[in-house]
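Worksheet for the structure shown next.
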Amino acid sequence: MSDTPPNDDAAASGDHIGDHSDIDGGLTGSGLEAERARRTARLAELRDNGVEPYPYRFDRTHTLAEIRDEWGELEAGAETEAKVAVAGRMMLRRDSGKLVFGSLRDRSGEIQLFISRAVVGDEAFADVKELDLGDWLGVHGTVMTTRKGELSVKADRIELLAKAVRPMPDKWHGLTDTDTRFRQRYADLIVNADARRAFEIRHATVASFRRTLTDQGFIEVETPVLHVEAGGALARPFTTHHNTLDLDLHLRIALELHLKRLIVGGMERVFEIGRIFRNEGISTRHNPEFTMMELYQAFGDMTDVMAITEELIVNAARDALGTTVIEIQGLQVDLADPWPRARMVDLASEALGVEVHPSQPVEQLRALAEQHGVRWEQRWGGGKLVEELFEASAERSLVRPTFVTGHPTEISPLARVDRTDPWLTERFELFVDGRELANGYSELNDPAEQRARFEDEQAAKDAGDAERGSVDEDYLRALEYGMPPTGGLGIGMDRVAMLLAGVDTIKEVILFPTLRPEVES
RNA sequence: GCGCCUCUAGCUCAAUGGCAGAGCAGUGGACUCUUAAUCCAUUGGUUCUGGGUUCGAAUCCCAGGGGGCGCACCA
């Protein structure tokens, strides 16, 4: 628990407009402060009458979806003897003299409350009139339908479970200001069904991945977030510090190196779904912290993990959406269709109309880059240039799921060299909607070669490329114990969720995306 | 980091150099079958902030802040 005093209203509200207002002075008029003052005054009034406006618990008999499942087929104008207790937030009310209709919502759905003065009595009915939109209610009553057939709970007794002292956003339009939606995700979730849906899809996707992998004998593990050296990918890390060890640490940028240590340890099939952190730009496709699923399968190679990639994503679509057909850029795409595979060098060559390959003289590739408006740097070799040319020419056109294979060795320090072409590796990336979703390879397990590759990385880092890696001696020691042939895979869970939810910014699938702190005005 | 766009009542939006408005929410009233309930009345503003131009600025200009999009970086 925090050290904040219990009545520090301003700190709890986080609302800079309200911080310097006079609550008592706001009892008349309107506006946010007057509204909060009115609702807060109601709290005091309830307590004066011996009613606790924040009770400790409520025992419900049914969720609202369960009510609908059981009684959804009742004909119009039906009354039942079924006594139920339901709980939820009051979202709407329609006041009609001695009758009040309310809309109660819980996680599972909504149901109408039918509140009659003749049933609840004058006193309780007067209390109902004092309820506000947004209040949490527990309702005891019977199941009925109205004359027009609306399934309802006819209230016998209504209990306030929690008072909302702040008004809900617009009941019809919800919240549209993206800043407010992301900062006050709680309010977004209350009023925007699309926001709730995106996170349901995300949950279903993650759950589906776990199920698919568990069914295939993968073991879920958790490895350290705090690394002495952040390796396993090319990215700039966040730095933090451990006080008692007096040690600078980095937040992980990948799961890879620890998981492969577990393959050395004989765990054979492992996966982790974990948060990783990259100290780089923020965009519609990038959040500084995001979720990766990585898996490693002993005795397999790149082709095995390509098959798993398809299976994971197709299963997730079925589990989250009930269909494998989704719309991407207006195109109907059946994810269950086989995904085309093409080498990066071939895609780039085709798009550019000229053969490209990392074995070509660097000057030639630089000239090609210039020709296509690709900015290049002196320290780049042929491999990096080929990747840049691919990204500039072909990447964006990969709308349907496509496996791009054969990444240059220069940009793949942990992948095994292609058995037919020493300039390339046995690596693939999955592209959908022009975005990279997954990355996998036949894992390099020769400790001597891995050391040489690490040393190349270290040299590049020393030469000023902050994203490059360094020599991980403990990882090399692990490889010296022997790592079996292994296929490895990483999938960006946020991007899979984006794809399945049909949203175009990563902030729609991250509950609390990284934003600048709110400023005091 | 650079470029473009944006910020008006609690929420959703008008007002394009001339009195800051509407709908919802709120408040008071009517209504025992409403369902974005309806009807009557009504409260509510640091127009993101600070400067400037102008007789007059939400509106034009400058600086700053938040956000969005694009570029760059990356997944």
Side-chain angles (χ1 to χ4, degrees), chain A residues 15-18 26-39 76-77 91-103 110-119 125 132-134 144-152 154 164-184 187 190-192 233-236 253-254 276-292 373 375 387-388 391 429-431 435-439 466-467 490-496 498 504-507 513 515-521:
Chain A
D15 186 322
H16 51 270
I17 295 169
L27 278 169
T28 55
S30 182
L32 178 59
E33 279 323 303
E35 180 65 7
R36 287 176 67 204
R38 188 185 63 71
R39 294 188 184 208
M91 298 305 297
L92 294 172
R93 61 182 289 155
R94 297 172 289 282
D95 204 324
S96 175
K98 299 180 186 66
L99 199 55
V100 170
F101 299 90
S103 298
E110 280 194 24
I111 208 129
Q112 176 166 272
L113 298 178
F114 183 99
I115 307 163
S116 162
R117 186 160 94 171
V119 174
F125 195 73
D132 287 295
L133 296 185
M144 61 164 281
T145 54
T146 62
R147 285 173 203 163
K148 296 220 175 93
E150 181 74 32
L151 184 64
S152 308
K154 185 168 162 186
V165 296
R166 186 178 285 268
M168 296 293 110
D170 192 282
K171 69 182 181 184
W172 184 243
H173 300 95
L175 270 179
T176 59
D177 182 69
T178 49
D179 186 28
T180 311
R181 286 187 52 227
F182 299 147
R183 283 189 200 282
Q184 299 186 34
I190 291 169
V191 295
N192 291 331
L234 304 179
R236 299 169 65 177
I253 59 171
I276 67 180
F277 306 84
R278 298 191 181 175
N279 203 342
E280 283 163 355
I282 295 176
S283 77
T284 52
R285 292 168 292 281
H286 303 88
N287 196 61
E289 49 181 307
F290 63 105
T291 302
M292 283 271 274
R375 283 195 354 227
E387 185 195 33
E388 291 287 328
E391 285 178 3
E429 287 181 312
L430 170 67
F431 286 89
R435 287 194 283 261
E436 184 192 336
L437 245 62
N439 177 24
E467 286 168 10
I491 296 185
M493 298 306 295
D494 313 86
R495 292 201 176 165
V496 176
M498 285 171 70
D504 53 15
T505 159
I506 198 167
K507 291 186 171 74
L515 299 171
R516 277 200 173 77
E518 213 164 347
V519 289
E520 293 283 329
S521 58

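So you know, we letter chains A, B, ... as the sequences are listed, proteins then strands, and number each from 1.
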With sugar-phosphate meaning primed atoms plus P, OP1 and OP2, does A:Arg285 contact a base, only sugar-phosphate, or nothing at under 4.0 Å between heavy atoms?
base
A:Arg93 side-chain N/O to A:Leu133 backbone N/O, donor-acceptor pair under 3.5 Å:
no
Does B:U32 have its OP1 or OP2 closer than 4.0 Å to a side-chain nitrogen or oxygen of A:Ser116?
no
By nearest-nucleotide position on RNA chain B, the 5'-leaning member of A:Arg117 and A:Phe290 is A:Arg117
Take the protein atom CE of A:Met168 and the nucleotide atom C1' of B:G23, then report the distance between them rounded to whole Å.
19 Å
Taking the P atom of each, how far is B:G45 from B:A30, in whole Å?
28 Å
Return no unless some side-chain N or O of A:Thr178 is found under 4.0 Å from OP1 or OP2 of B:C7.
no
Which protein N or O atoms sit under 3.5 Å from an N or O of nucleotides 28-31 of chain B?
| from | atom 1 | to | atom 2 | distance (Å) |
| --- | --- | --- | --- | --- |
| B:C31 | N3 | A:Asp95 | O | 3.4 |
| B:C31 | N3 | A:Gly97 | N | 3.0 |
| B:C31 | N4 | A:Gly97 | N | 3.4 |

Just to verify, what does A:Arg236 make a salt bridge (Lys or Arg N to Asp or Glu O under 4.0 Å) with, not counting sequence neighbours?
none
Polar side-chain atom of A:Thr145 near backbone of A:Gly77 as donor-acceptor pair, under 3.5 Å:
yes
Report the base-pairing partner of B:C71 (Watson-Crick or G-U wobble, both distances below 3.5 angstrom), or none.
B:G1
Write down the distance between CG (A:Asp494) and C1' (B:A75), rounded to a whole number of angstrom.
9 Å
For a quick test of reading the model, state the closest non-hydrogen atom pair linking A:Gly174 to A:Asn192 and the distance between them.
CA-OD1, 3.7 Å
Closest to the A:Phe114 side chain: B:C33, B:G67, B:G26?
B:C33
Do the side-chain N or O atoms of A:Lys171 get closer than 4.0 angstrom to the phosphate oxygens (OP1, OP2) of B:C24?
no
With sugar-phosphate meaning primed atoms plus P, OP1 and OP2, does A:Gly492 contact a base, only sugar-phosphate, or nothing at under 4.0 Å between heavy atoms?
nothing
Pick the closest RNA chain B nucleotide for A:His173 and for A:Glu429 by heavy atoms, then say which residue is nearer the 5' end.
A:His173
Could you measure between the two C1' atoms, the one in B:G10 and the one in B:U47, and give it in whole Å?
16 Å
When you compare B:C40 with B:G56, how far apart are their C1' atoms, in angstrom units rounded to a whole number?
38 Å
Out of B:C33, B:A75, B:G66, whichever nucleotide has its closest atom nearest the side chain of A:Arg495
B:A75
Can you tell which of B:G67, B:U12, B:A72 lies closest to the side chain of A:Arg375?
B:A72
Under the rule for side-chain contact (heavy atoms from CB on, under 4.5 Å), what residues qualify as partners of A:Thr176, not counting sequence neighbours?
none
Mind checking the C1' distance from B:U27 to B:C33? Whole angstroms is fine.
26 Å
Consider the side chain of A:Asp170, meaning its heavy atoms from C-beta on, and name the nucleotide among B:C69, B:C11, B:G68 that approaches it most closely.
B:C11
Per atom distances to the A:Pro167 side chain, the nearest of B:G68, B:A25, B:G66 is B:A25
Would you classify A:Lys154 as touching base, sugar-phosphate or nothing, given that sugar-phosphate means primed atoms plus P, OP1 and OP2, and contacts are heavy atoms under 4.0 Å?
nothing
Between B:C73 atom C1' and A:Glu391 atom CD, what is the distance in whole Å?
11 Å
For B:A63, which nucleotide in any strand shown is its Watson-Crick or wobble partner with both distances under 3.5 Å?
B:U49
To the nearest angstrom, how far is A:Arg36 atom CZ from B:G26 atom P?
17 Å
Taking side-chain hydrogen bond (donor to acceptor under 3.5 Å, both in side chains) as the definition, give me every residue that meets it alongside A:Thr291, ordered by chain and number, with sequence neighbours left out.
A:Arg202
I need the CD-P distance between A:Glu35 and B:C24, as an integer number of Å.
15 Å
Please state the C1' separation for the pair B:C61 and B:G21 - nearest whole angstrom.
27 Å
Under a 3.5 Å cut-off for both distances, is B:G21 Watson-Crick or wobble paired, and to whom?
B:C13
Under 4.0 Å between a side-chain N or O of A:Ser283 and OP1 or OP2 of B:G70?
no
Scan A:Ala118 against the nucleic acid and name what it touches under 4.0 Å (heavy atoms): base, sugar-phosphate only, or nothing.
base
Which of A:Leu151, A:Leu92, A:Thr146 passes side-chain contact (heavy atoms from CB on, under 4.5 Å) with A:Gln112? It is A:Thr146
Watson-Crick or G-U wobble partner for B:U42, using a 3.5 Å limit on both distances?
B:G26
My understanding is that a pair needs two contacts under 3.5 Å, Watson-Crick or G-U wobble. By that rule, which nucleotide pairs with B:U54?
none
Would you indicate what A:Ile276 reaches in the nucleic acid, counting non-hydrogen atoms under 4.0 angstrom: base, sugar-phosphate, or nothing?
nothing
Nearest-Å distance, CZ (A:Arg181) to P (B:C11)?
15 Å
Mind checking if A:Asn287 touches a base, just sugar-phosphate, or nothing, with heavy atoms under 4.0 Å?
base
Is the shortest side-chain N/O distance from A:Arg38 to OP1 or OP2 of B:U27 below 4.0 Å?
yes
B:G26 and B:C7, which share atom name P, separated by this distance in whole Å
28 Å
Does A:Arg94 make a side-chain N or O approach to OP1 or OP2 of B:U38 shorter than 4.0 Å?
no
On the nucleotide B:A75, are OP1 or OP2 found under 4.0 Å from the side-chain N or O atoms that A:Arg278 carries?
yes
Spacing between A:Glu388 atom CD and B:C73 atom C1', to the nearest angstrom
10 Å
Select one nucleotide: of B:G66, B:G70, B:A75, the one nearest the side-chain heavy atoms of A:Thr284.
B:G70
Considering residues at least two apart in sequence or located in another chain, which fulfil the side-chain hydrogen bond (donor to acceptor under 3.5 Å, both in side chains) criterion with A:Ser283?
A:His286
In chain order, what residues pass the side-chain hydrogen bond (donor to acceptor under 3.5 Å, both in side chains) check against A:Arg181, with sequence neighbours excluded?
A:Asp188, A:Glu508
If I pick the C1' atom on B:G23 and the same atom on B:A15, what distance separates them, to the nearest angstrom?
15 Å
Rounded to whole Å, how long is the line connecting atom CZ of A:Arg183 with atom P of B:G65?
14 Å
Please work out if A:Leu234 contacts a base, only the sugar-phosphate, or nothing of the nucleic acid, heavy-atom cut-off 4.0 Å.
sugar-phosphate
NA contact type, A:Gly490, heavy-atom cut-off 4.0 Å: base, sugar-phosphate, or nothing?
nothing
To the nearest 0.5 Å, tell me how far A:Arg516 CZ sits from A:Arg183 CZ.
9.5 Å
Go through B:G26, B:A75, B:C33 for me and flag the one nearest to the A:Glu436 side chain.
B:A75
Closest approach of A:Leu175 and A:Val191, non-hydrogen atoms and distance?
N-CG2, 3.7 Å
